[in-house]
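Just so we're on the same page: letters track the sequence lines, and every chain starts at 1. Only this structure's heavy atoms are used, side chains among them; waters, hydrogens and symmetry mates stay out. Just so it is clear, the model here is predicted, and its values are computed rather than measured.
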Amino acid sequence: MEKYNPKEIEKKAQDKWKNSPDLVEVKDASGKEKRFILDMFPYPSGTGLHVGHVESYTATDIVSRYLRMKGYNVLHPQGFDAFGLPAENYAIKTGVHPKATIEEAVRVFKKQIDSLGFSYDWSREVNSSLPEYYKWTQWLFLLFYKNGLAYKKKAKVNWCQKCQTVLANEQAENGKCERCESEVIQKDLEQWFFKITDFIEDTSRTNADGKRTDAEILTSGLISGLDKVDWPESTKTLQQNWIGRSEGATIKFPISNFQFPNNSQNPNDQKYVEVFTTRIDTIFGCTYCVVAPEYPLLAELKDRIENWDEVEKYTQATKKKTDLDRMEAKVKTGVELKGVRVINPFSNESLPLFVADYVLAQYGTGAVMAVPAHDERDFEFAKKYDLPIKKVIIPPFIGTLVRDSGGLIIDGWQQYSQEIKDWVVDGELINSGEFSGLTSEEARKKLTTWLEEKKLGEKKINYRLRDWLVSRQRYWGAPIPIIYCEKCGEVPVPEVDLPVELPDDVDFKPTGESPLKYSEKFQNVVCPKCGAKAKRESDTMDTFVCSSWYYLRYADSKNEKEFASKELLKKWLPVDLYVGGAEHSVLHLLYARFFTKVLHNLGYLEFDEPFLKLRHQGTILAEDGTKMSKSKGNVVNPDDVVAQYGADALRCFEMFMGPLEDMKPWQTRGIVGVYRFLEKAWKMQTRISEQGTANSNLNNLLHKTIKKVSEDIETMHFNTAISQLMILANALEKEGNLYSIHYTSFLILLSPFAPHLAENLWEKLGHSESIFQEKWPEYDPELIRDEEIELVIQVNGKVRDTVKVSADISEEEATKLALESEKVKNHTSGKEIKKVIFVKGRLINIVI
RNA sequence: GCCGAUGUGGUGAAAUUGGCAAACACGCACGACUCAAAAUCGUGUACCGCAAGGUUUGUGGGUUCAAGUCCCACCAUCGGCACCA
């Protein structure tokens with residue numbers, strides 16, 4: 001027998017698979033039940049595959065191979081998220097065209113992926129930077145546009161003055177440019193948005209073009225849709241927090257003694273400061289109101305504001321500040337609008353009005369009511385400007401104290417706690433007129449109803465989530481298919497003209513505008529409507545747009561007429577299992593869900609959630625427990641590991657390290673463990689014996705292993721599946737004879753984990769067919785039942801003895817045995833037995 | 001500050017969901033083979049103790065015949081959000 005030589009056998013197996021594409025290329029017309037197992041498609045970076053990729057790809061590969069052997073029709077494709085900034089930045093630095101950079105990176109990625117034996121169906125490969133793909137990204141943009149879901153408006157963008165360019169949010173973290181470290185400022189520019197906020201709640205709409213016959217379709221919203229998918233709870237929570245739904249009310253505070261315009265006495269001209277609050281129950285504690293510096297009404301009030309100079313100085317100063325500066329300011333600042341007061345509609349109190357930059361213009365109404373007694377921020381501000389603090393809610397614990405003292409401490413109760421955080425909770429209303437005595441919850445309902453009757457406000461739900469800014473002033477992305485005509489204005493590119501291809505003749509130097517703006521060929525076109533001179537939109541789309549629909553394309557990746565045909569979408573989608581990093585918990589997954597919901601709503605899809613089951617692979621840390629990074633030089637390159645130990649060992653090791661979703665440190669030392677295990681399996685081939693009856697203990701262990709490994713693959717507990725295989729291998733090793741029936745079952749169970757090894761050993765058994773055409777074994781419930789067990793004997797819950805007994809021993813017999821035990825007698829002698837607890841097939845506990 | 005996750009030997013970890021804590025590996029120690037080393041195989045390995053025995057799942061309480069697992073309080077680490085009214 002030759003030595004276990006991974007390099008040799010892995011090459012051999014890979015060649016064999018290459019020559020039998022039927023093993024992985026899945027047929028659309030198959031009677032078998034489908035499963036769609038998907039990895040998040042990678043960005044083909046120049047540094048190649050890292051061990052984190054290997055981790056999740058191995059997991060989905062094991063599941064895919066297992067399901068195929070179980071008789072499913074398994075779609076398991078892979079592709080490349082190829083647009084994006086790194087390739088463009090590299091072009092700016094070196095002049096190498098992104099197309100070339102990506103092409104080379106893709107080549108390396110595929111080579112590495114193949115060297116690990118992943119069973120991808122490459123016949124369906126997608127690449128988001130190819131015209132045949134981004135044609136449909138553009139088509140989808142137009143679909144959104146025609147349905148009012150893509151629109152243009154002025155917006156603040158991150159701008160790096162040194163690089164002269166717009167930055168994506170991810171590149172402007174902490175207010176500094178990722179590349180040059182200089183400060184990022186905010187600039188107002190015309191930008192394209194997708195109306196993601198239309199899909200937060202369930203929607204029911206008719207198609208804008210009226211073509212669809214069914215009048216209404218109910219599409220679950222981004223919030224409620226989470227209830228029907230099998231995702232990690234933490235990821236669901238993250239999405240919910242990002243959406244940030246808060247229920248509350250708007251309240252109109254009349255501006256006292258003044259009506260616009262021209263001091264009109266017409267009640268219709270009354271002006272208000274409208275605020276949003278989630279704590280309307282605290283309204284009687286409101287002692288002032290605050291508007292954001294950008295609040296539009298400020299300008300209208302100019303003539304009335306006695307200290308306008310001061311106010312203007314303040315608002316101008318805030319405009320210069322970056323968002324970061326505004327947030328980092330530890331001390332709250334603001335200016336009172338002298339001469340303007342507002343009326344609390346509930347109490348008719350006249351209150352001062354402030355402008356302050358701790359109020360955000362983009363959220364709610366851009367104005368708030370301030371209740372310093374029950375809100376930390378208002379408390380801070382009120383302390384600084386010496387504003388009254390009026391308590392109107394008794395927190396439950398203080399309420400209890402007051403009641404317990406027989407109501408005697410009436411004047412002193414306010415002093416129970418000096419800490420503001422004790423007062424921000426719900427409780428019982430006091431000093432609140434007719435609403436006193438209600439609980440916060442009851443009060444919110446009643447106060448809101450009161451407002452609605454008086455038409456001074458209404459129930460309102462606010463969200464943190466804003467519409468998605470999709471335009472980028474960048475080259476390496478899908479061009480936005482819009483043309484600006486001098487006469488017709490904004491004109492969508494006709495479908496027949498798609499794709500709008502990226503020009504090759506561009507200069508990558510950062511100019512502050514999209515490089516597309518300087519390509520004459522690209523820029524100057526004629527209007528598709530009227531034929532007049534026109535210019536193309538020069539912005540491209542955020543790469544997240546490309547990755548929001550790629551999973552749909554796999555169903556029908558070569559279709560030139562549609563993004564995918566309806567039948568094939570119906571056949572393959574939704575995705576049954578999706579595996580990828582937790583860093584995509586918010587953006588990618590939210591955007592992809594949004595796309596699915598839009599397409600469902602418009603009648604293109606029959607499902608409204610794209611990913612039924614989602615799992616994340618945990619980050620693999622370097623050996624020192626820190627993050628792997630190029631600069632620290634502690635990155636593990638999978639190629640090196642494959643060269644030394646082989647692909648099967650790397651695959652098994654990454655699965656054996658621990659639970660898939662855990663963050664875990666790499667330990668080069670540990671690889672030899674699985675390597676020895678694989679070597680053991682390899683050596684076993686010399687010991688096969690066809691003769692004789694198999695040992696019944698081994699049969700029992702084999703069937704337990706079939707059960708455990710099958711269940712562990714389904715629940716994705718690969719680490720324990722491998723340890724069970726090791727237990728079986730150790731037992732087979734110890735036994736004198738290795739029966740063919742045990743050995744072949746073992747090979748099949750091992751094959752999804754170590755496919756090359758299993759394939760080779762299978763061939764050595766004389767099979768010409770691949771092992772992956774074998775059926776996955778079933779366990780026999782009769783054979784996994786233990787006839788004998790170790791009965792645990794406890795005294796007062798402590799183990800004192802164990803005895804081997806028949807598995808179905810009765811309580812009487814067990815009690816008798818237990819009391820006969822010398823070790824038990826040592827602890828029970830002379831004491832009265834109070835109770836005996838018997839757990840069938842497990843233990844007996846004597847309580848004294 | 002808020003939300004979420006995690007905490008078990010020297011190390012990676014396991015524990016039929018309340019029933020023998022530390023499976024399976026790494027490492028280490030000793031032994032076998034060897035002139036020798038590597039590889040391989042065997043034995044041992046949570047801690048204290050010569051032993052009988054006792055102690056142990058971040059800390060402190062509780063429920064239970066029985067707690068790593070359930071409840072309460074706290075501590076530490078990691079991740080996300082962060083003036084969202």
Side-chain angles (χ1 to χ4, degrees), chain A residues 3 232-242 244-246 248 275-280 282 289-290 292 323 326-330 332 356-360 362-371 374-378 380-381 421 424 462-466 582-583 585-586 618-619 621 623 625 653 656-659 661-674 676-677 679-680 683 707-708 711 717 719-727 729-730 733 790-802 826 834-848:
Chain A
K3 252 181 78 190
E233 282 307 314
S234 54
T235 301
K236 289 188 185 182
T237 316
L238 233 51
Q239 292 222 347
Q240 271 159 358
N241 291 347
W242 187 262
R245 181 185 201 272
S246 42
V275 306
F276 171 75
T277 180
T278 55
R279 291 297 305 275
I280 192 174
T282 64
C289 284
V290 193
D323 278 3
R326 270 175 79 161
M327 281 190 302
E328 271 189 347
K330 293 225 168 62
K332 296 197 177 1
D357 68 2
Y358 79 91
V359 174
L360 305 176
Q362 321 89 290
Y363 185 78
T365 58
V368 300
M369 67 178 213
V371 185
H374 303 288
D375 182 281
E376 293 192 43
R377 296 152 301 182
D378 299 340
E380 232 180 90
F381 192 81
K421 67 173 202 271
V424 299
N462 255 316
Y463 305 93
R464 209 186 207 95
L465 183 70
R466 320 265 164 77
E583 68 273 18
S585 291
V586 177
T619 316
L621 303 169
E623 295 212 46
F653 175 62
F656 188 61
M657 282 197 309
E661 64 279 7
D662 281 14
M663 187 185 275
K664 42 207 173 291
W666 179 267
Q667 280 195 95
T668 301
R669 271 202 320 212
I671 302 176
V672 303
V674 287
R676 283 177 196 151
F677 161 66
E679 201 174 27
K680 192 179 285 177
K683 285 183 181 160
K707 181 168 191 276
K708 175 93 178 128
E711 284 171 0
H717 294 143
N719 52 333
T720 48
I722 291 180
S723 77
Q724 183 66 33
L725 286 168
M726 285 173 169
I727 291 169
N730 291 344
E733 178 88 344
E790 288 253 302
L791 184 74
V792 172
I793 304 174
Q794 299 181 332
V795 176
N796 281 347
K798 295 207 163 165
V799 180
R800 295 302 176 189
D801 204 357
T802 60
N826 287 341
K834 287 192 195 131
K835 210 187 211 179
V836 174
I837 308 275
F838 177 68
V839 183
K840 200 164 191 297
R842 204 162 278 287
L843 62 77
I844 183 156
N845 188 10
I846 314 285
V847 184
I848 53 173

Heavy-atom side-chain proximity of I793(A) to R800(A) below 4.5 angstrom
no
Send over the distance from K683(A) NZ to C41(B) C1', rounded to a whole Å.
10 Å
Do K834(A) side-chain and C65(B) base share a donor-acceptor contact under 3.5 Å?
no
Apply side chain to side chain contact (heavy atoms under 4.5 Å, CB included) to residues E380(A) and Y358(A) and explain how you reach the verdict.
CA-CA 11 Å; E380(A) 232 180 90; Y358(A) 79 91; over 6 Å; no
Partner set under ring pair (Phe, Tyr, Trp, His ring centres under 6.0 Å) for W242(A), not counting sequence neighbours
none
Taking NZ, NE, NH1 and NH2 as the nitrogens, is one of them in R676(A) or E679(A) under 4.0 Å from a carboxylate oxygen of the other?
no
Are K835(A) and C65(B) close enough that a side-chain N or O sits under 4.0 Å from OP1 or OP2?
yes
Given RNA chain B, 5'-ward residue of the pair M369(A) and V839(A), judged by closest heavy atom:
V839(A)
Touch class at under 4.0 angstrom, heavy-atom based, for S585(A) against every strand present
nothing
K708(A) side chain reached by L725(A) side chain, heavy atoms, under 4.5 Å
no
Among V799(A), V795(A), V836(A), I837(A), find the one that has a side chain to side chain contact (heavy atoms under 4.5 Å, CB included) with N845(A).
I837(A)
As a check on the pairing definition, encode RNA chain B in dot-bracket form, counting Watson-Crick and G-U wobble pairs whose two distances are under 3.5 Å, and using | for partners outside this strand.
(((((((..(((......[....)))((((((.......))))))(((....)))..(((((..]....))))))))))))....
Would you call the rings of F653(A) and W666(A) parallel, tilted or perpendicular if under 30° counts as parallel and over 60° as perpendicular?
perpendicular
For the P atoms, the ones on G61(B) and on A13(B), what distance do you get once it is rounded to whole angstrom?
29 Å
Which sits closer to the 5' end of RNA chain B, P665(A) or G364(A), going by the nucleotide each is nearest to?
P665(A)
Y363(A) OH to A85(B) P: how many Å, rounded?
4 Å
Between A14(B) (C1') and L725(A) (CG): distance, integer Å
15 Å
Atom-to-atom span, CG of N796(A) to C1' of A66(B) - whole angstrom
10 Å
In whole Å, what separates the P atom of U40(B) from that of A25(B)?
14 Å
I'd like the C1' distance from G9(B) over to G58(B), given in whole Å.
15 Å
When you check the glycosidic angle of G9(B), does it come out syn, meaning within 90° of 0, or anti?
syn
Going through the distances and angles, do M369(A) and D378(A) end up as a side chain to side chain contact (heavy atoms under 4.5 Å, CB included)?
CA-CA 9 Å; M369(A) 67 178 213; D378(A) 299 340; over 6 Å; no
NA contact type, N241(A), heavy-atom cut-off 4.0 Å: base, sugar-phosphate, or nothing?
sugar-phosphate
Among U55(B), C81(B), A13(B), the nucleotide that comes nearest once only the side chain of R464(A) is considered:
C81(B)
Heavy atoms under 4.0 Å, any strand shown: does V368(A) hit a base, just sugar-phosphate, or nothing?
base
Specify the glycosidic conformation (syn or anti) of U77(B), with syn defined as within 90° of 0.
anti
When the C1' atoms of U77(B) and U17(B) are considered, how many whole Å apart are they?
26 Å
Please state how far atom CG in D662(A) lies from atom C1' in G12(B), giving the value in whole angstrom units.
11 Å
OP1 or OP2 of A85(B) versus the side-chain N and O atoms of Y358(A): is any pair under 4.0 Å?
no
Do the non-hydrogen side-chain atoms of E376(A) and K421(A) ever get within less than 4.5 Å of each other?
yes
Write down the distance separating the C1' atoms in A73(B) and U63(B), rounded off to the nearest Å.
15 Å
Quick one: CG on L843(A) to OG1 on T802(A), what's the gap to the nearest 0.5 Å?
12.0 Å
What is the distance from CZ of R800(A) to P of C65(B), rounded to the nearest Å?
18 Å
Rounding to an integer number of angstrom, what distance separates U56(B) and C20(B) when you compare their C1' atoms?
15 Å
C71(B) versus A52(B) - spacing of their C1' atoms, nearest Å
38 Å
Distance between the C1' atoms of G10(B) and G44(B), in whole angstroms?
16 Å
Output the rounded distance in Å from NZ (K236(A)) to P (A5(B)).
13 Å
Quickly work out the E733(A) CD to U40(B) P distance and round it to whole Å.
12 Å
Hey, are the side chains of T237(A) and Q239(A) touching, using non-hydrogen atoms and a 4.5 Å cut-off?
no
What is the per-nucleotide protein-contact pattern of nucleotides 20-31 of chain B, from the 5' end, where B denotes a base atom under 4.0 Å from a protein heavy atom, S denotes such proximity for sugar-phosphate atoms only, and - denotes neither?
B--BBSSS----
